[in-house]
Protein chains: 2
Amino acid sequence: MNLQQLRFICAVVRQNFNASAAADSLYTSQPGVSKQIQLLEEEINVALFVRKGKRIIGMTPAGEQIFTFAQRVVGDIENIRKVGQEFSQGDRGEFVIATTHTQARYSLPKAIKAFTERYPGVQLRLRQGNPTQIAEMLAAGEADVAIATESLNSYAGLVALPCYQWNRVVITPTGHPLLQSQPLTLEAVAAYPIVTYDQAFAGRSVIDKTFAHHRLSPNIVLSAIDSDVIKAYVELGLGIGIVAKMAYDPVRDTRLEVIDASHLFDPSTTYLALRQGTYLRGYLYTFIALYAPHLDRNTVDQALDSTVASRALLPLPSGS
Amino acid sequence: MNLQQLRFICAVVRQNFNASAAADSLYTSQPGVSKQIQLLEEEINVALFVRKGKRIIGMTPAGEQIFTFAQRVVGDIENIRKVGQEFSQGDRGEFVIATTHTQARYSLPKAIKAFTERYPGVQLRLRQGNPTQIAEMLAAGEADVAIATESLNSYAGLVALPCYQWNRVVITPTGHPLLQSQPLTLEAVAAYPIVTYDQAFAGRSVIDKTFAHHRLSPNIVLSAIDSDVIKAYVELGLGIGIVAKMAYDPVRDTRLEVIDASHLFDPSTTYLALRQGTYLRGYLYTFIALYAPHLDRNTVDQALDSTVASRALLPLPSGS
DNA sequence: TGCTTTTACGCGCTGCGTAATAATA
DNA sequence: TATTATTACGCAGCGCGTAAAAGCA
């Protein structure tokens with residue numbers, strides 16, 4: 001048994017039981033992958049993959065168990081490498097953040113600016129996607145942290161830490177009649193065509209739930225993954241927009257008017273997620289503290305160690 | 001990086017930073033061990049061991065962190081092997097119990113008899129030692145379970161499950177004057193020379209604490225690790241004995257008389273301990289259930305998964 | 001002078017790539 | 001027919017053991 005064999009197993013599983021793709025992803029030859037897997041199966045005397053003729057189509061029960069261990073081994077090897085880097089060149093390295101457009105554009109810039117000034121030797125990479133893709137990137141080790149509002153909790157192997165709460169504003173073109181209706185009500189909002197986030201993004205689920213709860217059927221004429229796209233279409237007069245308050249910029253957005261809607265919707269919480277069992281480079285703790293000051297090193301470590309859902313343990317600081 | 005290098009690191013640490021001993025323990029050459037460790041240090045660019053001249057005398061901080069990961073990797077490799085055995089020959093294998101004399105002699109026989117009948121293909125091995133040695137055997141992977149009354153909890157990386165409670169009897173030679181004093185009191189016991197367990201064994205700490213709490217200074221003329229040795233010396237008239245109730249056999253021990261002492265001492269709890277993060281062969285669950293019927297597979301799995309001390313979670317069934 | 005680690009060196013195994021074959025969809 | 005897995009084979013590299021040297025207590 002050797003490490004390479006375990007890497008091969010993980011890659012084959014991750015590539016949906018395609019050994020050729022697995023070989024590509026590891027920059028090696030496909031026969032090598034097949035052979036090493038066969039050797040391992042022979043050594044431990046049990047088939048790991050279910051084959052239909054010559055095709056690999058799934059895992060045996062034994063394979064599934066072994067896969068979980070193999071994953072942990074491969075992760076630990078990565079951890080060992082990281083410890084080495086941390087001690088040999090603590091202020092240099094790579095740092096990949098998987099996040100959504102809205103976070104990247106509106107909530108992260110301040111922390112990222114401070115971070116890059118503090119760690120000029122760290123190569124920072126932003127990877128964008130929807131919350132599900134983000135969680136998968138993190139789980140697959142393609143990112144070091146994930147930041148998003150939806151669906152980061154309840155993903156096996158990940159730990160989600162609450163960062164901050166936020167709520168929504170309604171944005172309209174200048175001179176829109178809705179600006180007259182004070183105070184703002186859900187009914188008034190539902191009377192106009194609406195532009196807001198896509199299903200998977202930025203607390204859209206809260207918006208849907210709120211309308212449904214009040215037995216309102218809003219006319220959502222356009223949904224987008226991107227606050228800037230929403231704002232553009234609102235400017236064009238396609239409808240009124242519901243976006244995160246942080247996405248409205250009073251300086252830039254002069255062709256829009258804004259009405260606070262915090263009283264209409266439950267607040268949403270943005271989470272920062274980490275893979276369980278990973279060694280965190282020192283600068284990662286620094287970044288997390290820059291982004292969410294209540295998440296100090298001890299808090300993060302405790303959350304990473306605990307098996308139980310960490311959200312309950314962590315009080316969220318008030319307001320923002 | 002390869003598995004062997006990680007094994008070498010673990011062995012060197014376990015052998016108190018003696019590379020020669022580590023090589024012996026792994027049945028390989030000492031230069032090979034040194035060289036592989038050097039290669040790894042070179043590869044990840046950080047010293048793992050602190051050297052004084054040519055002697056290895058300790059670990060660097062980086063080394064300590066890496067050691068913990070290396071341990072887990074080595075353990076997971078072992079786990080993978082076990083999964084293979086479980087699925088290829090589920091009713092065959094090896095099973096090592098680390099325990100004390102008293103458990104081996106008096107509490108285990110029934111479960112072991114049933115187990116060997118159920119699993120004739122499993123090679124069962126009993127390893128005896130004091131509770132500290134037992135815990136170390138388990139932690140080092142030299143045993144699959146540890147069973148003892150003292151000091152199995154509070155050992156990092158181990159999970160202790162309460163199995164049963166028990167208490168003590170006083171044994172005397174036939175016709176001893178203590179037999180007349182009804183009911184038995186601590187003061188009466190303390191009036192005679194006492195033979196009982198060694199410091200490290202079988203709830204001796206409870207005995208000491210009880211006497212101390214009553215401001216009594218018993219005259220313990222002989223302590224032994226072994227109930228049978230204690231009984232032998234009580235038969236010889238050296239003193240009265242305090243032993244676990246289960247150690248008195250009314251059929252065999254005809255030259256001894258017995259007085260129940262449950263009302264004098266707090267009960268002790270015997271624990272069964274497992275290493276965290278280990279894959280358990282199916283027959284191990286069977287054995288545990290035979291020995292302590294309230295510890296079914298789910299209970300054991302939950303305890304193994306949880307990071308927090310498992311004892312608090314587990315109710316101990318009453319009496320026995 | 002022990003005992004321990006490092007250096008030196010050569011053999012043998014094995015992992016890996018290329019090429020060819022077999023089997024599936 | 002296109003894609004994918006297995007078999008065959010040969011080279012290169014590396015892990016491991018033996019032997020010798022170098023330091024340490």
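Just so we're clear, the structure is a prediction, and the values are computed from it rather than from any experiment. The sequence lines fix the lettering, A, B, ..., with proteins before strands; numbering per chain opens at 1.
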Quiz item: Does A:Ser34 place a side-chain N or O at less than 4.0 Å from the phosphate oxygens OP1/OP2 of D:dT4?
Solution: no
Quiz prompt | Base-pairing assignment for D:dC16 (Watson-Crick or G-U wobble, both under 3.5 Å) | solution = C:dG10
Practice problem: Measure the shortest side-chain to side-chain distance between A:Ser223 and A:Tyr197 over non-hydrogen atoms and say whether it is less than 4.5 angstrom. | Solution: no
Quiz item: Are B:Arg105 and B:Asp228 close enough for a salt bridge, meaning some N to O gap below 4.0 Å?
Solution: yes
Exercise. Could you tell me the separation between the CD atom of B:Gln4 and the C1' atom of D:dC16, rounded to a whole number of Å?
Key: 10 Å
Quiz item: Among D:dG15, D:dA5, D:dA25, which is the nearest nucleotide to the side chain of A:Lys54?
Solution: D:dA5
Quiz item: Taking N and O atoms by type only, does the side chain of A:Arg55 place a donor or acceptor under 3.5 Å from a partner on the base of D:dT4?
Solution: no
Exercise. Assign A:Phe17 to base, sugar-phosphate, or nothing according to its heavy-atom contacts below 4.0 angstrom with the strands shown.
Key: sugar-phosphate
Exercise. Let me know the distance between CG of A:Leu3 and P of D:dC14, rounded to the nearest Å.
Key: 15 Å
Quiz item: Are OP1 or OP2 of C:dT5 and a side-chain N or O of B:Asn18 less than 4.0 angstrom apart?
Solution: yes
Quiz item: To the nearest angstrom, how far is B:Leu40 atom CG from D:dC16 atom P?
Solution: 13 Å
Quiz item: Which part of the nucleic acid, if any, lies within reach of B:Gly32 when heavy atoms closer than 4.0 Å are counted: base, sugar-phosphate only, or nothing?
Solution: nothing
Practice problem: Measure the spacing between OH of B:Tyr279 and CD of B:Gln85 and express it to the nearest 0.5 Å. | Solution: 10.0 Å
Practice problem: Take atom CD1 of A:Ile37 and atom C1' of C:dT14, then tell me their distance rounded to the nearest Å. | Solution: 17 Å
Exercise. Grab the CG-P distance between B:Leu26 and D:dG17 for me, whole Å please.
Key: 11 Å
Quiz prompt | A:Ile288 side, atom CD1; A:Arg297 side, atom CZ - distance, nearest 0.5 Å | solution = 10.0 Å
Quiz item: The side chain of B:Gln38 lies closest to which of these nucleotides: D:dC24, C:dT7, C:dG15?
Solution: C:dT7
Quiz item: Checking all strands, does B:Leu39 fall into the base, sugar-phosphate, or nothing category for heavy-atom contacts under 4.0 angstrom?
Solution: sugar-phosphate
Exercise. Quick one: label A:Ser20 by what it contacts on the DNA or RNA (base, sugar-phosphate, nothing), any heavy atom closer than 4.0 Å.
Key: sugar-phosphate
Quiz item: Does A:Gln36 put a side-chain nitrogen or oxygen below 4.0 Å from OP1 or OP2 of C:dG15?
Solution: yes
Quiz item: Does the pair A:Ile147 and A:Tyr271 meet the rule for a side-chain contact (heavy atoms from CB on, under 4.5 Å), with working shown?
Solution: CA-CA 6 Å; A:Ile147 298 175; A:Tyr271 292 92; over 6 Å; no
Quiz item: Between CD of B:Glu94 and CG of B:Asp144, what distance do you get to the nearest 0.5 Å?
Solution: 7.0 Å
Quiz prompt | Given DNA chain C, 5'-ward residue of the pair A:Ser29 and A:Lys52, judged by closest heavy atom | solution = A:Ser29
Quiz item: What nucleotide among D:dA5, D:dT7, D:dA25 has an atom nearest to a side-chain atom of A:Pro31?
Solution: D:dT7
Exercise. Just name whichever nucleotide pairs with C:dC16, Watson-Crick or G-U, keeping both distances under 3.5 Å, else none.
Key: D:dG10
Practice problem: Assign each of A:Asn2 and B:Ala19 to its nearest nucleotide of DNA chain C by heavy atoms, then name whichever residue's nucleotide is nearer the 5' end. | Solution: B:Ala19
Practice problem: Take atom CD of A:Gln15 and atom C1' of D:dA5, then tell me their distance rounded to the nearest Å. | Solution: 16 Å
Practice problem: To the nearest Å, give me how far apart CG (B:Asn16) and P (C:dT4) are. | Solution: 12 Å
Quiz item: What about B:Arg51, does its side chain sit under 3.5 Å from the base of C:dT5 through a donor-acceptor pair?
Solution: no
Self-check item: Rounded distance in Å - CD (B:Gln5) to C1' (D:dG15)
Solution: 10 Å
Quiz item: Quick one: is A:Gln30 getting a side-chain N or O under 4.0 Å of the C:dG17 phosphate, OP1 or OP2?
Solution: no
